[in-house]
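Would you mind keeping the following structure in view while I ask a few things?
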Number of protein chains: 2
Amino acid sequence: MNEVFKALNDPARREILKLLRKRDMTAGEIAAKFDMAAPSVSHHLDKLKQAGLVTTVKEGQYITYSINTTVLDDVLQFILTLKK
Amino acid sequence: MNEVFKALNDPARREILKLLRKRDMTAGEIAAKFDMAAPSVSHHLDKLKQAGLVTTVKEGQYITYSINTTVLDDVLQFILTLKK
DNA sequence: TATATATTTAGACAAATGTCTAAATACTAT
DNA sequence: ATAGTATTTAGACATTTGTCTAAATATATA
């Protein structure tokens, strides 16, 4: 869960997750949405992947990123418990 | 919301919130629960306060901390939206 | 094979973060 | 007043984080 909180603790990464909620995207498509060098975005994608928040599929020279929300369950539980 | 995510991005601070869910506590009572110098705990309490996750009441020489979960609503909304 | 495109990896660097000790502040009680 | 307790503030320091440029890797295409 710590890894997930860490991944969520950055505006760019949260924005990436919002984008991926709508549709899968390649690394390049994601990078194009940000005013940031491609390696920086790649680094954020890596953090999200380490946390399990995204999965990847390589298709030729492209890498397509998809969101995975199951790892959010613990975080959700934590927050809901605090609110109870 | 960024401030809240930042505040949640630390195991000690999340633990403090869990403690305060059960009952209000003074800074000293909270500090006693951690294997960490008092000023470090104080610093974490400050971060939580800045994020609006706790409120304080000074009672004599003690400062009692209480949890405030309303600022978690945006975070909750964010996560639930991702899961939809 | 050579070149272009997509993406990551490596490495540098500044800024933010978490911890500590020492000192300051505020209140209590002798 | 003085001493003790509760808590924070100040400042130092190491670690982590986010960004960048340059280079490496992998694939596609002429």
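Given the structure is predicted, the values throughout are model-derived calculations rather than measurements. Convention: sequence-line order gives letters A, B, ...; per-chain numbering from 1.
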Note to self: Ignoring hydrogens, what is the shortest heavy-atom contact between A/L53 and A/A7? Give both atom names and the distance.
What the structure shows: CD1-CB, 3.8 Å
Next item on the list: Please list residues of residues 19-27 of chain A whose heavy atoms come under 4.0 Å from any atom in DNA chain C, ordered by number; otherwise none.
Entry: A/T26, A/A27
Checklist line | Length of the CD1-P vector between B/I63 and D/dT5, whole Å | finding: 18 Å
Notebook entry, point to check: Are B/Y62 and B/V41 in one and the same hydrophobic cluster, where Ile, Leu, Val, Met, Phe, Trp and Tyr link if side-chain heavy atoms are under 4.5 Å apart?
Noted result: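 No, separate clusters.
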Next item on the list: May I ask you to decide if B/L72's main-chain N or O and B/T69's side chain share a donor-acceptor pair within less than 3.5 Å?
Entry: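 Checked: no pair found.
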Margin query: side-chain contact (heavy atoms from CB on, under 4.5 Å) for B/Q77 and B/D73? Distances and angles first, verdict last.
Written below: CA-CA 6 Å; B/Q77 193 55 51; B/D73 290 348; over 6 Å; no
Check: What string of B, S and - do you get for nucleotides 18-30 of chain D, 5' to 3', when a contact is any protein heavy atom under 4.0 Å?
Finding: SBBBB---SBS--
Next item on the list: State yes or no: do A/L48 and A/V71 share one hydrophobic cluster built from I, L, V, M, F, W and Y residues joined by side-chain heavy-atom distances below 4.5 Å, directly or via other members?
Entry: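 Yes, A/L48 connects to A/V71 through the hydrophobic network.
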Check: Shared ILVMFWY cluster between A/L80 and A/M1, side chains joined below 4.5 angstrom?
Finding: yes
Notebook entry, point to check: Rounding to a whole Å, what distance do you find between B/D46:CG and C/dT19:C1'?
Noted result: 15 Å
Margin query: Is it the case that over 12 heavy atoms from other parts of the model lie below 6.0 angstrom from the NZ atom of B/K33?
Written below: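 Atom NZ in B/K33 is not packed in, count stays at 12 or less.
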Checklist line | Atom pair distance, as rounded to whole Å: CZ in A/F5 and P in C/dG18 | finding: 14 Å
Next item on the list: Could you give me the CA-CA distance, side-chain angles and deciding distance for A/F34 and A/H44, then say whether side-chain contact (heavy atoms from CB on, under 4.5 Å) is met?
Entry: CA-CA 12 Å; A/F34 293 87; A/H44 286 308; over 6 Å; no
Next item on the list: Check the distance between D/dT8's C1' and B/I30's CD1 and give it to me in whole angstrom.
Entry: 14 Å
Next item on the list: May I ask you to check whether over 12 heavy atoms, not counting those of B/K18, lie within 6.0 Å of atom NZ?
Entry: no
Checklist line | Side chain A/R13, main chain A/L8, donor-acceptor under 3.5 Å | finding: no
Next item on the list: Considering non-hydrogen atoms only, spot the tightest contact between A/N2 and B/P11 and give its length.
Entry: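 Looking at all heavy atoms of both residues, the shortest contact is OD1-CG, 4.1 Å.
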Checklist line | the helix from C/dT1-D/dA30 to C/dT30-D/dA1: angle between end helix axes, five pairs per end, rounded to 10 degrees | finding: 10°
Next item on the list: Could you state the atom-to-atom distance from CG of B/L45 to C1' of C/dG18 in whole Å?
Entry: 14 Å
Margin query: Applying a 4.0 Å non-hydrogen cut-off, can you work out what A/Y65 is touching in the nucleic acid: base, sugar-phosphate, or nothing?
Written below: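 Sugar-phosphate, backbone atoms only, no base.
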